[in-house]
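Single-structure report; data block below.
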Amino acid sequence: ALYELCWHVIQGNLKVDVAASLLADVMVNIETGCLEEKHKRDLFTQLVGACLICVPDGMLKERLDPETLESLGLIKQAQQFNQKIVKIKTKLFYKQQKFNLLREENEGYAKLITELGQDLSGNLTSHIVLENIKSLIGCFNLDPNRVLDIILEVYECRSEQDEFFIPLIKSYMCEHQTLCHMLGFKFKFHQEPNGETPSSLYHIAAALLQHNLIALEDLYVHLLPLDSSIVEEHKRAILEAKQIARKLTMVLVPSEKTEDKEKEKEKEEEKNEKPPDNQKLGLLEALLRIGDWQHAQSIMDQMPAFYATSHKAIAIALCQLLHLIVEPLYRRYGAKGGLTMPLWNKQAPRPAESFDDLSRDVFTMLCYLGPHLSHDPILFAKIVRLGKSFMKEYQSESRQDTKDKMDSLLSCFLSIADQVLLPSLSLMECNACMSEELWGFFKLFPYQYRYRLYGQWKNETYGNHPLLVKIKAQTVDRAKYIMKRLTKENVKPSGRQIGKLSHSNPTILFDYILSQIQWYDNLITPVVDSLKYLTSLNYDVLAYCIIEALANPEKEKMKHDDTTISSWLQSLASLCGAVFRKYPIELAGLLQYVTNQLKAGKSFDLLILKEVVQKMAGIEITDEMTVEQLEAMTGGEQLKAEGGYFGQIRNTKKSSQRLKDVLLDHELALPLCLLMAQQRNGVVFSEGGEKHLKLVGKLYDQCHDTLVQFGGFLASNLSTEDYIKRVPSVDVLCNQFHTPHDAAFFLSRPMYAHQILSKYDELKKAEKGNRQQQKVHKYIAACEQIMAPVHEAVVSLHLPRVWDDLRPQFYATFWSLTMYDLAVPHNAYDREVNKLKMQIKAIDENTEMPLNKKKKEKERCTALQDKLQEEEKKQLEHVQRVLHRLKLEKDNWLLAKSTKNETITKFLQLCIFPRCVFSAIDAVYCARFVELVHQQKTPNFCTLLCYDRVFSDIIYTVASCTENESRRYGRFLCCMLETVTRWHSDRAIYEKECGNYPGFLTIFRASGFDGGNKADQLDYENFRHVVHKWHYKLTKASVHCLETGEYTHIRNILIVLTKILPWYPKVLNLGQALECRVHKICQEEKEKRPDLYALAMGYSGQLKGRKVHMVPENEFHQKEQPVRSATPGTLQNGPGNTGKPAAAASAGKAEEGAVEDSDKSKDKSQAAQKTASKNSTAANKVSSSNGSSTPNSKEKEDKEKTTKEKKEKKEKNPGSTPEAKAGGKDKQKEEKPTDSKEKTPKADKDKRKDDKKEEKSKIDGKSAEKEWSKERDVSNDSKTKEGSKVEKNAGAGSMKSLVPRSEGVESEREQKRRKLDTHSSPSHSSLCTSFLLSLPVGDHVFSKPSSSFRVTHWSLRGGLWSPAVVGEQWGEFGILWTIIIFFFGEVFFQ
């Protein structure tokens, strides 16, 4: 240890005197152990003597025992040394150093007071006075301590004379401790129960602290109260505030209220009693007033946060100090107002000359001040304006290095806004000016920063301070009071109260209002109207509060039944739309929230976007449009606004401009569109999950409707440049962004229209020509230039084989046009113009309206009238140009390299079906486009086949639709039926619009349509038969859907049926079948599914109303009377309809052909079949071609000949035919009495069984061909057996009895059969005369009162496949129909 000590001294780590002291301490410790034994003591004495060189004598005298010192020779005698020590201690600690008071003279003190109290304005200095004081002390024997006390007393009385007394005290005294004790004694003197410390004492203490004449730590211990009691007081205040807040939110009975009021009065009385003097706060205030920030900060650090500044005097003192510091900087930025006197104190903080200087002291002071800046609104405004100036500099700064430095200042300003400005605003009473001033600063921040501040303000700030806790409770209490009394009638006074309350505490107020709106949606309108007295800051806070309420994770966005969206979300969405439209609130945050939700795969919040666009832009999306509204929607923008929506939302120009600006500024337009387009499938496959199918459908519809609405808004509001710049080409949308094709074209369509018009205008200006022909050519040239890249782009969207039939030009034309391009709604324009004329007339007749208002209204109506007429004229010219363009293009639309059936399949699959369910207007467009293609006499387009494919089997389409899609699909079918019904209604119309058109050809030659041969066209009566078949098919599909029991099937078919009611059903028996089935639905679903019951009841009522317009079947299509059969049998009358007795039926109607589509091969190609009926004396010549026929080889002809011979042999033996066999077996059954009626459900169940058998028996095309080739070699006997077996099975499930035929009838049938068998046809793949459709096994062919036919099996006849048909109650015409059906089979089915 001694070595280490020496080594540390040598290295310089220890000083020599410190080392010597340590050695002395070691010797003292050793001495205590050596005092008992003499030899040890002697040795110790020798050791110390040896160390005398190292350790000073004085140090040893202080520490060693006197006897040891005497033996060392350091002192003479130990006894004398001890006596000397006692005397010194007595003198130091017990003898009082005081002058004899009797020697003091009072005159000296009097002269001293006179000296200190003289006028100090002259040349008198503290040095002169000090010399005089010294003279008085010496002359009159004055006590120096009493003199110092008198100096402090006089200083206290003349506290403004700091410049004189501070130097005097500095010169007079040398020990700081003495002065501190003296001041402490003065403070203790005022610590009596009712004592009050004078402010002058605080001032001199502060001045002495500032000049470092005393230390704060020394003085602080003399002050009361103790720090621990201050902390307890603060905690008690927070607890009391929370109790008050709890009471305000509790529901109390009247007796409890009176008790609480009495207690509160007692507490207030206690508080009114004078509180004990807080000397620490008094000193703090004095320090702040003289600008001693360092000492003031030290005192505040000893106390809880904001405790000191919660006392008004201290807060005001700190505010005054801040005024002095920020004044120069405030003046620098051109502020107006009175000048503030600067502090002359050199020790005070330096004034700020630049924004960097603010970070020195100002930001710190403001943080200590906290919410109590509310005491000084002027300083509040100064700080806010400085912040505004800084933000402008920050935004205009371009240099990165300077901007990096300013970032720290930006964060400081944000902290001040969070900790000081917003809490202070909460404590200000109804100061709207400060709110607007603060908005001037906040609006320069991005909304993300602002919303973060509002979130802190709302959720954290109010819990940090007792005052704010109370304010929050009071605000909620007041908000409850106002909301209870808010109605439509008292919106104005209630709005003013809401405005006053919102100026200070908007977050708390809006939080309560939104919670009420979520429960009571009838409050939305009065609340929105009452918000007109809010400030700009309050509107911004409202937007934040709405987003926070929407994003509340504790709220479920679905109702408990999991089938509908929660009502609270719907209420908030409605509020969003109304508030954002009426008031100038920034939308960026809300739109970004919706975008983020879509990114996360959540589509519930699209309801908000839908409401906002609807209210702000006036674009309404509904599938419940009337026919008049739908017609108006096909016109221009003005007509849409006037007649296209339920509620005419006026004055949307400003609000739609605001919405557009936000979308463009924040680049949200395209992302929202793409996310919505992608989310449609996401709803089903990702978001759907385990959700109820009904809810998934609603979410899908909501997503789709919002996309249509939003896309419509962008199309009508964005300029051409903005739109083209933001929307990529259709191939990029589909291939890169994976946007569905229908949505991609929907987004691109306005772009094409804009570009074509722009190019057209450009070409018109380039070559001035007024002739209409020139304008049309220029328009076509513009279209070619713009659409050529689109034609190339769409090729990548589908497989190459698609373009074998459809040209890309046709595909792009279909998707790029709209109803605006195809027809002018003259009726809609006339209707709206007449309305305006009526309005003008009503204005003229109104005597109460003031003249100036009359004039304005009339001018408005006249201007609108002119706009509509101008718009109509413009659209008419446009439509003429488009139709001319289509006329020139049509010859190149369809290539038809494969069958016409395949062409129609692709057209329906890729064009019609995706678009007809996109929107109501697109549904109408699809129907009108099909009609237009027909009217244009487009080559290779079979109109009949197209209509047949649409009407033949709607079950799958209906079942896969959502609720809104089924409405659009119904509207599409309605428009298609309207066209068909128009053709059906009058022969002249049919001949004019269809008679000589290629769409109604029954022969399709490779050379094309010559239009000359009338026999190749479908005649009017056969067309009526086909229309009846379509009506029958629709009935069958409808009954099937209604009987499934599936919710979506029933709901969708009821919606579709309601939509097509004007044109279907037209036939009485079909209408009765539907009515019967719908009535059953009403009974079954009344208790189980009320929404289905409501739909069914609605349709049932409307159907009954349409009964008067229905006609019997023989009036719907012409029929000839059948010859009565010898044996009566049961009847089957349509799907689910009742049969009639044989006697009545034989005098009535004959069955007429109707066939259904069932070819379900892999490539989904479908052959077409047409039925033809002539009178009993003549049969039509039948020949057809599908455009891809080839010459028959010799080998094929030989096979055909052999097959025909076999067939003739077979027919000579009637007993061996399946019909004869079946007829013989059923003879016995007919003798028994049969029911005249057949129940609908049973018949349909049988049909479904047969359908299932049919589906099981289907095979793909290739395997079918193999089987067909094998079948040609099979013997006639085996075919007959197999046919009989199938016939029995099919007949048992579908018919009650089979009627045998006489030999005479059979022989007549054979004759007609031979005639038709030997008829030459152009090719084996040619089409039949009437219509082209396949006949599945087990399905009905005809179902009439006089007969019922069913396909039982297929067989090879003449090398071709044909269906065998079994029927009931055969008559003369029944035989004819059978022959025709066999004939069709032989001709068409290979």
Side-chain angles (χ1 to χ4, degrees), residues 447-448 451-452 455 514-515 517-518 521 543-577 579-580 587-616 621 659 662-663 666-711 713-714 737-740 743 746-747 962-965:
Y447 74 87
Q448 294 93 333
Y451 286 1
R452 176 68 185 271
L514 291 174
S515 68
I517 283 172
Q518 289 171 53
D521 58 357
Y544 164 76
C545 290
I546 289 172
I547 295 168
E548 190 185 54
L550 289 168
N552 187 352
E554 296 174 4
K555 290 246 181 188
E556 284 293 333
K557 295 189 176 181
M558 290 183 295
K559 286 186 177 175
H560 295 300
D561 59 1
D562 286 344
T563 59
T564 46
I565 296 171
S566 294
S567 53
W568 70 266
L569 184 58
Q570 295 174 12
S571 299
L572 282 180
S574 300
L575 177 75
C576 283
V579 165
F580 283 95
L587 282 152
L590 187 73
L591 294 175
Q592 188 64 55
Y593 166 74
V594 174
T595 309
N596 293 344
Q597 290 293 95
L598 282 173
K599 278 185 193 172
K602 298 173 185 175
S603 60
F604 286 102
D605 295 286
L606 276 175
L607 187 61
I608 301 149
L609 183 63
K610 186 178 177 182
E611 286 288 336
V612 167
V613 175
Q614 180 175 326
K615 295 285 182 6
M616 293 189 73
I621 289 295
L659 180 57
V662 169
L663 289 168
H666 292 81
E667 296 293 339
L668 287 172
L670 184 65
L672 273 170
C673 287
L674 295 178
L675 285 167
M676 280 188 275
Q678 292 164 1
Q679 186 61 23
R680 287 190 307 167
N681 292 333
V683 166
V684 179
F685 299 107
S686 303
E687 191 181 1
E690 299 176 359
K691 290 188 176 74
H692 196 281
L693 195 61
K694 184 178 176 183
L695 178 65
V696 173
K698 279 193 176 179
L699 290 175
Y700 184 95
D701 281 338
Q702 178 180 288
C703 188
H704 178 82
D705 290 349
T706 312
L707 172 64
V708 173
Q709 180 193 33
F710 190 69
F713 165 75
L714 294 179
F737 293 108
H738 308 290
T739 310
F746 168 71
L747 294 174
T962 64
E963 187 174 352
N964 287 358
E965 282 179 340

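- Atoms CZ and CG, from Phe746 and Leu707 in turn, are 5.5 Å apart once rounded to the nearest 0.5 Å.
- Applying the side-chain hydrogen bond (donor to acceptor under 3.5 Å, both in side chains) test to Tyr593 and every residue at least two apart in sequence or in another chain returns Lys557, Asp605.
- Across all their heavy atoms, Gln678 and His738 have their closest contact at CG-O, 4.1 Å.
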Report the C-alpha separation of Leu609 and Met676 in whole Å, then their side-chain angles, then the decisive distance to 0.1 Å, and conclude whether the side chain to side chain contact (heavy atoms under 4.5 Å, CB included) test is met. CA-CA 11 Å; Leu609 183 63; Met676 280 188 275; 3.8 Å; yes
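- The nearest pair of heavy atoms linking Gly589 to Tyr447 is CA-CE1, 3.5 Å.
- For the pair Asp701 (side chain) and Asn964 (backbone), a donor-acceptor distance under 3.5 Å is present.
- Counting heavy atoms from C-beta on, the side chains of Leu572 and Ile608 never come closer than 4.5 Å.
- To the nearest 0.5 Å, atoms CG (Leu607) and SG (Cys576) are separated by 9.0 Å.
- The heavy-atom pair separating Met616 from Phe580 by the smallest distance is CE-O, 3.6 Å.
- Listed by chain and number, the residues in a side-chain hydrogen bond (donor to acceptor under 3.5 Å, both in side chains) with Asn596 are Gln592 (sequence neighbours excluded).
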Would Gln570 and Asp521 count as a side chain to side chain contact (heavy atoms under 4.5 Å, CB included) here? Give the steps. CA-CA 9 Å; Gln570 295 174 12; Asp521 58 357; over 6 Å; no
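- Residues Gln679 and Lys602 come closest through the heavy atom pair NE2-N, 4.2 Å.
- With hydrogens and angles disregarded, a donor-acceptor distance shorter than 3.5 Å links the side chain of Gln702 to the backbone of Ser603.
- The closest donor-acceptor contact from the side chain of Glu611 to the backbone of Leu575 lies at 3.5 Å or more, if one exists at all.
- Residues Glu548 and Leu514 form no side-chain contact, since every pair of their non-hydrogen atoms from C-beta on lies 4.5 Å or further apart.
- The distance from the NZ atom of Lys610 to the NZ atom of Lys615 is 11.0 Å, given to the nearest 0.5 Å.
- With values rounded to the nearest 0.5 angstrom, Ile517 atom CD1 is found 8.0 Å from Ile546 atom CD1.
- To the nearest 0.5 Å, the span separating CG on Leu747 from CG on Leu714 amounts to 8.0 Å.
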Determine whether Phe710 and Leu663 satisfy the following criterion, side chain to side chain contact (heavy atoms under 4.5 Å, CB included), listing intermediate values before the conclusion. CA-CA 11 Å; Phe710 190 69; Leu663 289 168; 3.7 Å; yes
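- In this structure, Val613 and Thr706 have side chains that are not in contact, with every pair of non-hydrogen atoms separated by 4.5 Å or more.
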Can His666 and Val662 be said to form a side chain to side chain contact (heavy atoms under 4.5 Å, CB included), step by step? CA-CA 6 Å; His666 292 81; Val662 169; 4.1 Å; yes
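- The distance from atom SG of Cys703 to atom CG of Leu606, rounded to the nearest 0.5 Å, is 5.0 Å.
- Closest non-hydrogen pair, Tyr544 versus Tyr451, comes out as CE1-O, 3.5 Å.
- No side-chain heavy atom of Val594 sits less than 4.5 Å from a side-chain heavy atom of Leu675.
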